[in-house]
Enquirer: 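Provided herewith is a single structure, encoded as structure tokens, for subsequent inquiry.
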Amino acid sequence: MKYRKRIIIVLFFGCIFPIFFSCNDNKKPPEKDIVTKLDKAPERLSEDIQKMIEYAEKNKSVINDSVKLKYMHLDSGLYEDKKFESIWSDKEKWNPIADSLYSFIDSCKYLGLFASDYHFGALSFIHRVFNEDSIARKNIALWAKADLLMTDAFFSLVKDLKQGRLNYDSVTLRKDSVLNDSVFTTAFQQVLQSGSIASVLHNLEPKHAGYDSLKIYTRDFLSTAKFKPFTYLDYPYKDSIAFFKLLQKRLYEIGMLSNDTVPADTALLKPAIRKYQKAKNLQPTGRVNDKMVAALNETDIERFKRIAVNLDRYKLLPDSLPKTYIWVNLPGFNLKVMDSDTLVFESKVIVGKPDTRTPLLTSDVSNFVTFPQWTVPTSIIFKEMLPAIQKSINYLKKENLLVIDGNDDVVDPATVKWKKLSKKYFPYQIKQQEGDNNSLGVIKFNFRNKYSVYMHDTNVRWMFGKAFRAVSHGCVRVQQWEKLSDFLVRNDTMKYHPDTLRAWIKRQEKHVVSGFQRVPVFFRYFTCEGKNGHVKFYDDIYAEDKLLREKYFAGKSVN
């Protein structure tokens with residue numbers, strides 16, 4: 001009997017002791033650790049930092065409340081190397097680099113960043129408490145927490161300034177798809193050596209004129225921006241009742257409705273919608289549409305998020321672009337030719353419609369063709385041409401189109417049984433004969449890409465006068481095609497004199513021009529830029545900004 005009791009006692013303590021010590025190991029670090037003697041503060045601060053790190057390592061990077069460290073492995077490694085000594089304070093005082101880091105976070109909006117991403121809420125609270133309460137400054141646990149938050153904030157800034165927040169995609173040209181730990185630790189060591197937070201962090205930013213220009217004029221934008229919270233409208237909507245309730249609230253916020261509490265019926269909403277549409281120079285239909293919702297959502301906070309997205313797009317580019325290149329900005333409907341950091345010329349362009357988008361790509365112009373023949377892509381044949389031809393074969397003559405069989409012979413359209421043809425069975429090609437009325441115009445610029453798109457002239461040149469120019473099937477139509485062709489052969493004027501090119505065009509002769517030094521071409525998507533003293537915004541023609549804002553910056557505010 002006594003032996004059995006001993007066994008039970010041994011088993012009891014054998015089970016309880018491990019549980020006790022396990023729970024004790026996972027115990028939250030103290031919220032308060034008051035030290036009255038300054039000489040004891042450094043040792044206690046190191047102990048509290050170590051306790052917080054050990055707790056966070058066991059609790060998914062969460063320290064003694066809901067705050068989570070983003071770079072736990074870097075934080076713990078750094079403090080272990082420093083034997084858990086404080087980095088940012090000394091004897092109840094912030095050191096100079098701590099003050100600099102706090103100021104940097106406070107003003108990070110000028111870099112398209114959100115202070116809330118860098119623990120600014122918790123840090124500003126701690127700063128305020130320390131300034132207002134001398135007893136709180138003796139709370140070593142609070143200093144330990146602030147130390148960890150500032151270290152983690154620094155590493156987060158390194159990542160966001162160097163690599164950005166957007167996921168890398170198929171046209172990203174940066175080689176450092178994953179930042180090595182050495183990038184973070186090197187930046188930290190540079191801060192310790194130089195004593196300058198700002199210079200080290202600014203050195204991580206992209207070295208592009210477009211980035212610098214947008215960043216400079218962001219200050220101008222922020223000087224007048226009003227970040228009053230407005231109701232955001234998701235459109236197209238899934239729940240009509242919920243949407244129109246939010247719409248009523250949004251119209252009330254801008255004074256188009258007198259209240260947002262009593263549900264508004266159609267008789268009230270329609271005049272308010274029409275009134276808003278007139279104020280924004282939209283067609284006053286009294287009905288909700290995508291343009292109206294886009295205008296309602298284009299508040300200063302949403303514009304700032306667009307700036308943030310576009311600054312990060314520069315971080316997807318390489319550290320330096322080629323000496324000479326062609327830059328096509330799709331939302332800006334603009335082409336620029338750059339040579340040795342100098343703008344040679346720019347041109348209006350026409351780009352793909354939202355349902356036939358011009359793709360983002362990187363390539364180089366290999367040749368160009370005068371008076372090209374257009375082989376119609378199958379997507380256009382089946383979507384647009386075949387239905388029209390099946391109604392009347394006169395469509396082919398009207399559009400100057402040829403029907404070509406598998407032997408590359410021209411087929412009489414009258415001999416083809418068009419009604420029996422479909423996407424599943426279509427043994428022909430359709431080509432548009434060269435000439436001034438050809439859809440490609442009088443010149444076509446070729447570059448290798450998997451999308452079978454190119455740049456070219458057009459036979460509807462009046463479209464360059466329109467403000468909205470996302471109307472093509474995916475290729476890029478260039479207004480200043482003559483300047484572009486001259487630039488490509490600028491180093492071989494003996495063989496391809498500008499007068500020779502113009503003579504070919506005048507005589508409507510087909511020539512393939514190649515052998516010149518290839519020029520890189522970039523098709524990119526930037527919806528704002530610094531231009532003429534302010535931030536110029538472009539239409540988000542493919543709704544790319546909308547997707548990225550919702551994915552990365554939903555619910556964020558500017559401090």
Side-chain angles (χ1 to χ4, degrees), residues 104 107-115 157 160-166 171-174 198-199 201-227 294 298-323 325-349 351 360 467-470 522-542 544-546 548-549 552-553 556 558-559:
F104 192 96
S107 60
C108 70
K109 60 188 176 185
Y110 298 111
L111 305 176
L113 305 178
F114 296 85
L157 284 165
D160 289 349
L161 289 171
K162 176 72 173 176
Q163 195 178 69
R165 293 148 292 187
L166 310 182
V171 293
T172 299
L173 296 177
R174 293 200 66 89
S199 63
L201 290 176
H202 284 312
N203 195 48
L204 297 168
E205 295 180 82
K207 307 297 188 293
H208 297 295
Y211 176 89
D212 290 339
S213 179
L214 179 55
K215 186 175 71 170
I216 288 169
Y217 294 125
T218 294
R219 283 188 171 272
D220 177 69
F221 166 80
L222 288 168
S223 68
T224 58
K226 294 178 175 60
F227 294 118
E298 193 69 355
T299 60
D300 281 344
I301 180 61
E302 294 304 319
R303 288 191 185 95
F304 178 78
K305 290 176 183 178
R306 293 180 68 188
I307 290 172
V309 166
N310 282 275
L311 285 170
D312 269 15
R313 284 186 173 123
Y314 283 103
K315 297 165 190 173
L316 304 179
L317 295 171
D319 289 329
S320 60
L321 290 172
K323 177 183 175 183
Y325 62 92
I326 301 165
W327 180 270
V328 177
N329 181 21
L330 306 182
F333 305 129
N334 177 267
L335 174 150
K336 294 179 180 179
V337 174
M338 303 296 297
D339 191 23
S340 301
D341 295 326
T342 300
L343 175 64
V344 180
F345 71 89
E346 55 185 317
S347 170
K348 292 180 178 180
V349 297
V351 303
L360 304 185
F468 185 82
R469 297 194 293 277
F522 301 89
F523 285 9
R524 289 298 187 271
Y525 195 92
F526 284 82
T527 56
C528 61
E529 63 178 330
K531 193 171 185 178
N532 299 328
H534 64 277
V535 177
K536 183 175 179 60
F537 292 92
Y538 302 116
D539 287 342
D540 185 17
I541 56 175
Y542 300 153
E544 290 293 325
D545 279 10
K546 182 177 184 292
L548 294 174
R549 293 201 313 266
Y552 295 101
F553 306 131
K556 289 189 180 295
V558 182
N559 66 303

Enquirer: Using every non-hydrogen atom in the two residues, find where Ala308 and Gly112 come nearest and quote the distance to one decimal.
Expert: CB-O, 3.3 Å
Enquirer: Keeping Ser213 on the side-chain end and Gly210 on the backbone end, is there a donor-acceptor pair under 3.5 Å?
Expert: no
Enquirer: To the nearest 0.5 Å, what is the distance between CG (Asn334) and CH2 (Trp327)?
Expert: 11.0 Å
Enquirer: Using a strict cut-off of less than 4.0 Å between a Lys/Arg side-chain nitrogen and an Asp/Glu carboxylate oxygen, indicate whether Glu529 and Arg524 qualify as a salt bridge.
Expert: no
Enquirer: Classify the angle between the aromatic ring planes of Phe104 and His202 as parallel (below 30°), tilted (30 to 60°) or perpendicular (above 60°).
Expert: tilted
Enquirer: Between Tyr552 and Val309, is the side-chain contact (heavy atoms from CB on, under 4.5 Å) condition met? List the steps.
Expert: CA-CA 9 Å; Tyr552 295 101; Val309 166; over 6 Å; no
Enquirer: Tell me which one of Asn310, Val328, Leu360 satisfies side chain to side chain contact (heavy atoms under 4.5 Å, CB included) with Tyr525.
Expert: Leu360
Enquirer: Between the side chain of Arg313 and the main-chain N/O of Leu166, is any donor-acceptor distance below 3.5 Å?
Expert: no
Enquirer: Kindly compute the distance separating CD1 (Ile326) from CZ (Phe523), expressed to the nearest 0.5 Å.
Expert: 8.5 Å
Enquirer: What's the shortest heavy-atom distance between Phe227 and Asp300, and which atoms?
Expert: CE2-O, 3.6 Å
Enquirer: Do you know the tightest heavy-atom contact between Arg306 and Cys528?
Expert: O-SG, 4.0 Å
Enquirer: To the nearest 0.5 Å, what is the distance between NZ on Lys305 and NZ on Lys556?
Expert: 9.0 Å
Enquirer: Calculate, to the nearest 0.5 Å, the distance between atoms CG and NZ belonging to Leu222 and Lys109 respectively.
Expert: 6.0 Å
Enquirer: Could you go through the side-chain contact (heavy atoms from CB on, under 4.5 Å) check for Leu113 and Leu161 one step at a time?
Expert: CA-CA 9 Å; Leu113 305 178; Leu161 289 171; 3.9 Å; yes
Enquirer: For Phe114 and Phe304: C-alpha separation, side-chain torsions, deciding distance, then whether ring pair (Phe, Tyr, Trp, His ring centres under 6.0 Å) applies.
Expert: CA-CA 10 Å; Phe114 296 85; Phe304 178 78; 5.3 Å; yes
Enquirer: Determine yes or no for a side-chain-to-main-chain donor-acceptor pair under 3.5 angstrom, with Lys315 supplying the side chain and Asp160 the backbone.
Expert: yes
Enquirer: Can you check side-chain contact (heavy atoms from CB on, under 4.5 Å) on Lys215 and Leu111, steps first, answer last?
Expert: CA-CA 6 Å; Lys215 186 175 71 170; Leu111 305 176; 3.4 Å; yes
Enquirer: When you measure from the side chain of Arg303 to the backbone N and O of Glu298, does any donor-acceptor pair fall under 3.5 Å?
Expert: yes
Enquirer: Contact between Leu343 and Met338 at the side-chain level, heavy atoms closer than 4.5 Å - yes or no?
Expert: yes
Enquirer: Going by atom types only, do Asp212 and Tyr314 share a side-chain donor-acceptor pair under 3.5 Å?
Expert: no
Enquirer: List the steps, then state whether side-chain contact (heavy atoms from CB on, under 4.5 Å) holds for Tyr217 with Lys536.
Expert: CA-CA 9 Å; Tyr217 294 125; Lys536 183 175 179 60; over 6 Å; no
Enquirer: Can you tell me how far CG of Asn203 sits from NZ of Lys162, rounded to the nearest 0.5 angstrom?
Expert: 8.5 Å
Enquirer: For the side chain of Asp312 and the backbone of Gly164, is there at least one donor-acceptor N/O pair under 3.5 Å apart?
Expert: no
Enquirer: What closest approach, in Å, do Thr172 and Leu316 show between heavy atoms, and which atom pair accounts for it?
Expert: CG2-O, 3.4 Å
Enquirer: CG of Leu214 to CD1 of Ile307: how many Å apart, nearest 0.5 Å?
Expert: 6.0 Å
Enquirer: State whether the side chain of Asp540 and the backbone N or O of Asp545 hold a donor-acceptor pair below 3.5 Å, judged by distance alone.
Expert: yes
Enquirer: So which heavy atom on Pro322 is nearest to which on Phe522, and how close?
Expert: CD-CZ, 3.8 Å
Enquirer: I'd like to know if the side chain of Asp539 and the backbone of Phe468 have a donor-acceptor N/O pair within less than 3.5 Å.
Expert: no
